[in-house]
Structure formats: structure tokens, C-alpha cells
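The structure appears below as C-alpha cells.
Order of appearance sets the numbers: ligands from 1, and atoms from 1 within every ligand. Counting from 1, the numbers follow the sequence of the chain as shown.
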Amino acid sequence: MAKDKVEETSELQWGLLCRGEFSQVNGIILQKKVCDCWDKIWNFQAKPDDLLIASYPKAGTTWTQEIVDLIQNDGDTEKSRRAPIHLRQPFLEQIKMTYSGIDQANMMPSPRTLKTHLPVQLLPPSFWEENCKIIYVARNPKDNLVSYYHFQRMNKSLPDPGSWDEYFETVLAGNVVWGSWFDHVKGWWKKKDSHPILYIFYEDIMKDPKCEIRKIMEFLGKNLKEEVLDKIVYNTSFDIMKKNPMTNYLNEITMNHNLSPFLRKGIMGDWKNQFTEAQNKQFNEYYEKNMADTSLSFCIEP
Ligand code: PPS
């Protein structure tokens, strides 16, 4: 079939899809199908050599996942292109018609790398019991929320965000899937004092990718040559990942990339194109209030 026909067909399929249903686990909004399988997720048995990549949605998860996969494969892009990212690294709380992240993980040989967006208090306890290494990636809240807004527009497995102004209110009310950004980033930040968690920032990877990739490499106990690190920097750049069918989620039927691509802009400071002046003021006050009880801070200006 010609490319424009394929695009037309998938656009049509997307149009016919209904938005998912939502419920809660311990006060955190999750997809209903995730809540319905919660016991299975909570009782997931982690193994000591599992690596977990955790994040709030749209914080730079896929970027971190691809960096990790390339480090694990010594920079070999052929190996990293063996499958789409969600098949290489199961998404723990993902429930699809034909498979679940848990089933995928259970079938996978060790050592496994897994992904989650769960807030720290909902992580299956076996990850703590087995002392698994965890990489947590965080992104400044304004860009994170703008990215999440556009993702909700294009992804029917999440609620329709409505207009930006409506979404902004929803966010301040904390009514977002996977919970409040503030509780998420603070909860994982606190946990790193008692658990092997490498806490990294989207903005730092942006500013000095090689430095952050080296940090991840050391955390994974690997030692790669400078030229391999350079190759990983290149192959995990926004432009390359956007063209890479194994990282751009182009075949996800719930996503309409014509509305907003998965790899959308990949920049810092896009919030300035979205927040009104009044929203910025309101958000800054909300931020101050909600971050008063943590040593965690973010680089919000580009
Ligand atoms: S998800 O759905 O939660 O797993 O999404 P996630 O991967 O966490 O976040 C997607 C945003 O990360 C941007 N991204 C990148 N930015 C810079 N460089 C690279 N290589 C890169 N890869 C992904 C992606 O574009 C989304 O951000 P926005 O601001 O929407 O562009």
C-alpha cells in the first residue's frame, strides 16, 4: 500500500477508537485496565539483576531507554534496532489487548531492563527487596506538562486533555494519569537516599549528553571507549531517534502522529509557547509551595 494510503487508514482507525477508561489505585489515577490487573502488577517478581527506568510520563523516558540499550550493547546500533523500544524494555504497567508488560517481562531472559511511570509508593515491593538498580529521569515541570498535554491529545489510551487552559486546571488539581508531577519527582528523589537510584535530568542530558551518558554507563558498571560514547550521543540525538522506527512509536494504533508526533520538539523552554503570563505566575506560586519541602530543584529557564 502507498505511504499516504497507510497514513489515511491509520488516521481513520484512530478516529474510530474510543478514549480509555480510568480508575484509581490508592488515590493515583491509572487506566482502568491497569487497576483491574493491579494485584498482578503489585505482585510482580523482580530479579536482582533487573534494571528499572522510572519517570513521570514525558520526562525523557524513551531517550533514557535508548541510551541504556546502546550502552548495554556497546554502541551497536544493529543490536539496538532489533525491536521497538517497548518490546526491548517491557513497560511494567502496560496492558494491551494481546500482551501485558508483566507477561512480556516474565518471558524475557535476564538481565532485563524494564520501564515504569509508577509513583514510588506504587512500585512493586520486589524491586526494593531485590535491591534492583533504578534510573529515574526527571524533567522541569513546565516543559514536562506541555509535552504531556500534546501527548494526551494524540494518544487515545489517555484522557482527552481538552483545551490547554482546561488541561492547566486539571494539572493544578492533580487529576492526571500517574498522579501529580510534584509527588512523583519528590517521592523518587527521597527514595534515592536509601536505594541505588541514579536520578538524572532531561535538561542535563540536553546540555551535555556525553557527560550524562557516561554517568549512566558508570552506574551500569560498563566501561566504553570515547568513540563508542560519541556514537551513542549521535544515535540518541533527537533527529536520529525521530527517524528511527524502533524509537518513534509510529506503529502505535492509539497514537495519531499527525496531531502531534511522539518525538514532538525535544527542546527546553517550549513552555514559553504555551503558558500565558497569568498561568506562568500561577504555576510559579504553585511550584514554590509544592517544592518547599524538598532539596530537589529544577532548571526551568533554557
Ligand atoms: S513517554 O510516553 O512517557 O515514554 O514519553 P517520554 O519518552 O518520557 O517523553 C517524550 C518527550 O521526550 C522527548 N525526547 C527527546 N528530546 C530530546 N532528545 C531526544 N533524543 C529525545 N527523545 C525523546 C520527546 O520529544 C518528548 O518531548 P516533547 O517536548 O513533547 O518533544
Taking the six-membered ring for Trp, are H86 and Y249 ring centroids under 6.0 Å apart?
yes
Is the backbone of S180 close enough, under 3.5 Å, to the side chain of Y56 for a donor and an acceptor to pair up by distance?
no
Salt-bridge contact E93-K33 (side-chain N to carboxylate O under 4.0 Å)
no
Report yes if some heavy atom in the side chain of R112 is under 4.5 Å from a heavy atom in the side chain of L51; otherwise report no.
no
Residues in the immediate environment of ligand 1 (any heavy atom closer than 4.0 angstrom)
P57, K58, A59, G60, T61, T62, W63, K115, H117, R139, S147, F151, Y202, T236, S237, F238, M241, F262, L263, R264, K265, G266
Across all chains, not counting sequence neighbours, the ring-ring contact (aromatic ring centres under 6.0 Å, His included) partners of F91 are H117
Side chains of Q72 and T113: is there a donor and an acceptor less than 3.5 Å apart?
yes
